[in-house]
Student: 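Let me begin by handing over the structure; questions about it come next.
Index from 1, following the sequence. Everything quoted here is computed from the prediction, not taken from an experiment.
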Amino acid sequence: MNNIFTTSRSHYQSYLDSPRLFYVTYCAQGTGLAPRLVNPNLSMGIFVHAVCGSVMGGGSEEDALNTQTEIFLDQAQTRGMDSPFSPETLLALAQGLSKTWIRVRLPQIKKDFEILAVEQERELSIHDETLQLLIPVRLDAELKNRYSGTYHALEMKTTSSQRSYSYERYGYSIQTLMHTWVIRHVYGSCADIMMEFLYKGWSADQAKKWHSVFVKGYEKIGVP
């Protein structure tokens with residue numbers, strides 16, 4: 001194999017969806033085609049993943065929240081956010097999602113599963129006689145069932161919809177397929193991919209309201 005290329009799951013998926021989408025998203029920086037404002041949905045997803053991943057790995061909830069809050073507000077101030085909602089409202093939503101998952105779901109997961117690795121960088125190799133493609137894959141967590149001894153991957157998603165198609169599409173997502181390959185490669189078998197969906201609600205721009213139990217709760221007590 002003479003040619004070796006490295007890519008990522010998101011790059012690869014974008015190209016499969018549309019070469020033009022791939023170009024605009026990853027190659028058009030500085031041309032005026034790529035947005036410069038922070039994407040609030042992506043930023044909230046990163047916030048939740050970072051905080052929950054840190055706590056799963058044994059870190060302090062308070063430290064993780066403080067660190068990600070500082071990053072979130074700094075990006076919002078320096079780049080601006082592409083949202084009709086204030087950064088404080090979006091931050092409250094991200095904090096609420098993180099805290100709730102940590103306090104409600106994580107204890108149950110720890111009861112049933114041993115957490116073997118968190119945010120571990122793995123690598124898949126797809127190749128033929130002339131080319132090798134290396135794809136870094138990072139699972140949110142790698143788990144072992146305490147009762148059956150089976151191995152599982154944990155993947156977290158923040159979602160704005162509770163409609164079935166929002167969840168069903170992950171049944172044939174390239175990301176979940178790659179997670180399955182990684183668990184099989186590392187541990188010999190993969191029982192399933194455990195999907196944790198964190199519902200953040202949806203925005204109604206005309207009303208300038210975010211339909212989320214977390215934001216509503218914060219608003220009722222005057223924050224933000």
Side-chain angles (χ1 to χ4, degrees), residues 9-10 13-14 17 25 35 37-57 59 61-77 79-109 118-119 138-141 153-176 179 193-224:
R9 191 271 312 167
S10 57
Q13 183 66 65
S14 293
D17 291 342
T25 304
L37 297 179
V38 174
N39 182 316
N41 295 310
L42 179 60
S43 187
M44 282 190 288
I46 292 173
F47 185 103
V48 172
H49 273 74
V51 172
C52 295
S54 177
V55 176
M56 265 197 294
E61 177 184 337
E62 182 179 3
D63 289 345
L65 282 166
N66 288 340
T67 298
Q68 292 306 312
T69 294
E70 184 177 340
I71 293 172
F72 189 99
L73 292 176
D74 178 67
Q75 288 223 338
Q77 182 176 6
R79 293 175 55 194
M81 279 198 165
D82 185 18
S83 172
F85 302 95
S86 71
E88 289 75 21
T89 297
L90 302 177
L91 175 60
L93 176 53
Q95 290 174 335
L97 287 168
S98 304
K99 291 180 179 180
T100 301
W101 189 86
I102 288 169
R103 298 174 187 182
V104 176
R105 285 293 299 144
L106 185 55
Q108 186 62 48
I109 291 173
V118 176
E119 297 285 348
R138 179 176 293 178
L139 287 70
D140 290 336
L154 175 68
E155 178 64 27
M156 301 175 65
K157 295 291 183 185
T158 56
T159 178
S160 58
S161 172
Q162 290 183 315
R163 295 175 180 173
S164 60
Y165 68 79
S166 297
Y167 311 110
E168 291 169 354
R169 64 191 179 93
Y170 291 105
Y172 49 86
S173 166
I174 190 173
Q175 183 181 29
T176 50
H179 286 3
I193 308 296
M194 295 172 50
M195 302 294 296
E196 293 278 314
F197 293 99
L198 290 81
Y199 176 61
K200 65 187 176 188
W202 50 276
S203 59
D205 293 350
Q206 292 182 351
K208 294 293 186 294
K209 290 288 185 181
W210 195 285
H211 291 256
S212 162
V213 292
F214 300 110
V215 169
K216 287 179 180 179
Y218 274 80
E219 288 176 341
K220 283 187 176 181
I221 60 175
V223 181

Student: Give the intermediate values and the outcome of side-chain contact (heavy atoms from CB on, under 4.5 Å) for residues Ile109 and Met56.
Tutor: CA-CA 10 Å; Ile109 291 173; Met56 265 197 294; 5.7 Å; no
Student: Mind checking the CD1-CD spacing from Ile46 to Gln75? Nearest 0.5 Å is all I need.
Tutor: 7.5 Å
Student: Quick one: ring pair (Phe, Tyr, Trp, His ring centres under 6.0 Å) partners of Tyr167, sequence neighbours excluded?
Tutor: Phe197
Student: Heavy atoms, side chains only, cut-off 4.5 Å: are Met44 and Thr158 in contact?
Tutor: no
Student: With sequence neighbours left out, what residues match Glu61 under side-chain hydrogen bond (donor to acceptor under 3.5 Å, both in side chains)?
Tutor: Arg103
Student: With sequence neighbours left out, write down each residue that passes side-chain contact (heavy atoms from CB on, under 4.5 Å) with Glu168, or none if nothing qualifies.
Tutor: Ser164
Student: Report the distance from atom CG of Leu106 to atom OG of Ser98, rounding to the nearest 0.5 Å.
Tutor: 12.0 Å
Student: Determine whether Glu196 and Asp140 satisfy the following criterion, side-chain contact (heavy atoms from CB on, under 4.5 Å), listing intermediate values before the conclusion.
Tutor: CA-CA 10 Å; Glu196 293 278 314; Asp140 290 336; over 6 Å; no
Student: Applying side-chain contact (heavy atoms from CB on, under 4.5 Å), can you list everything that pairs with Ala76, at least two apart in sequence or on another chain?
Tutor: Met81, Pro87
Student: Nearest 0.5 Å, what's the OG-CD distance between Ser173 and Glu155?
Tutor: 8.5 Å
Student: Please report the interatomic distance NZ(Lys200) to CG(Asn41), rounded to the nearest 0.5 Å.
Tutor: 3.5 Å
Student: Do the non-hydrogen side-chain atoms of Ile193 and Gln175 ever get within less than 4.5 Å of each other?
Tutor: no
Student: Please determine whether side-chain contact (heavy atoms from CB on, under 4.5 Å) holds for the pair Phe72 and Leu90, giving the CA-CA distance in whole Å, both sets of side-chain angles, and the decisive distance to 0.1 Å.
Tutor: CA-CA 10 Å; Phe72 189 99; Leu90 302 177; 3.9 Å; yes
Student: Quick one: side-chain hydrogen bond (donor to acceptor under 3.5 Å, both in side chains) partners of Asn66, sequence neighbours excluded?
Tutor: none
Student: Yes or no on side-chain contact (heavy atoms from CB on, under 4.5 Å) for Arg105 and Leu198, after CA distance, side-chain angles and deciding distance?
Tutor: CA-CA 11 Å; Arg105 285 293 299 144; Leu198 290 81; over 6 Å; no
Student: Give me the atom names and distance for the closest heavy-atom approach of Ala153 to Leu139.
Tutor: CB-CD2, 3.4 Å
Student: Restricting to side-chain hydrogen bond (donor to acceptor under 3.5 Å, both in side chains), what partner residues turn up for Thr69, sequence neighbours left out?
Tutor: Gln95
Student: Which heavy-atom pair separates Phe47 from Ala94 by the least distance, and what is that distance?
Tutor: CD2-CB, 3.6 Å
Student: How far apart are the closest heavy atoms of Cys52 and Trp101, and which atoms are they?
Tutor: SG-CE3, 3.5 Å
Student: Quick one: closest heavy-atom pair of Ser43 and Val38, and the distance?
Tutor: CB-CG1, 3.8 Å
Student: Could you tell me whether the side chain of Leu97 reaches within less than 4.5 Å of the side chain of Leu93, counting heavy atoms only?
Tutor: yes
